[in-house]
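Written out below as structure tokens is the structure these notes cover.
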Amino acid sequence: MFKFITILFATIYFACVGVWTVASFRLFGFDEKEVALGVLQPLGWPWIDWFKEQLGPFSAPLVTLAILLLATYLAKRNTRGIAR
């Protein structure tokens with residue numbers, strides 16, 4: 001379950017960064033950066049509010065992604081000793 005959530009989170013994050021990049025360079029006539037930022041801010045929410053000066057809208061979701069990756073690793077590691 002952790003693996004699915006981590007992959008889903010990473011996919012949404014990288015899609016939003018891609019949309020923001022397309023909007024920054026105004027490729028394909030798309031110039032709405034607020035669409036990507038509107039999704040990126042909730043993805044990094046506790047961190048974006050707690051560490052306002054250190055983290056921006058792009059780096060705050062990376063903290064959440066790192067926590068999800070760690071939780072996925074630890075959940076996988078704990079199931080190795082269980083006999084099936």
Side-chain angles (χ1 to χ4, degrees):
M1 186 66 177
F2 277 109
K3 189 173 186 178
F4 173 74
I5 293 171
T6 304
I7 291 171
L8 181 67
F9 185 88
T11 303
I12 292 170
Y13 173 71
F14 288 118
C16 289
V17 169
V19 167
W20 187 86
T21 304
V22 167
S24 293
F25 294 116
R26 294 184 179 174
L27 301 172
F28 312 114
F30 185 75
D31 60 352
E32 296 291 327
K33 292 181 190 176
E34 293 81 22
V35 172
L37 289 176
V39 177
L40 281 173
Q41 286 180 342
L43 288 178
W45 249 338
W47 322 118
I48 220 166
D49 289 337
W50 293 347
F51 306 107
K52 291 179 183 177
E53 296 174 4
Q54 291 87 2
L55 298 174
F58 295 105
S59 56
L62 288 176
V63 175
T64 307
L65 184 60
I67 291 171
L68 285 172
L69 287 170
L70 179 66
T72 303
Y73 172 75
L74 292 176
K76 180 181 172 185
R77 185 173 174 210
N78 287 337
T79 60
R80 290 183 186 161
I82 298 174
R84 292 184 185 181

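Along the sequence shown, residues are numbered consecutively beginning with 1. Just so we're clear, the structure is a prediction, and the values are computed from it rather than from any experiment.
One distance of note links OG1 of Thr64 with CD1 of Ile48; it measures 9.5 Å at 0.5 Å rounding. Annotation: the span from Ile67 atom CD1 to Leu62 atom CG amounts to 11.5 Å, rounded to 0.5 Å. Remark: Lys3 NZ to Leu69 CG distance equals 11.5 Å, nearest 0.5 Å. Rounding to the nearest 0.5 angstrom, the gap separating the CH2 atom in Trp45 from the CG atom in Leu43 is 9.5 Å. Rounding to the nearest 0.5 Å gives a distance of 10.0 Å between CG of Leu68 and CG of Leu8. Atom-to-atom distance recorded for Phe58:CZ and Trp20:CH2 is 4.5 Å, nearest 0.5 angstrom.
Hydrophobic clustering of Ile, Leu, Val, Met, Phe, Trp and Tyr side chains at less than 4.5 Å, counting indirect connections, unites Phe14 with Phe9. Criterion: ILVMFWY side-chain heavy atoms under 4.5 Å apart, direct or through other members. Under it, Val63 and Tyr13 are not part of a common hydrophobic cluster. Clustering ILVMFWY residues whenever any of their side-chain heavy atoms sit less than 4.5 angstrom apart, transitively, puts Ile5 in the very cluster that holds Leu65.
Note: Trp50 and Trp47 have perpendicular aromatic rings, judged against thresholds of 30 and 60 degrees for the angle between ring planes.
Side chain of Thr21 to backbone of Val17: a donor-acceptor contact under 3.5 angstrom is found.
Nearest heavy atoms, Ala60 versus Gly44: CB-O, 3.7 Å.
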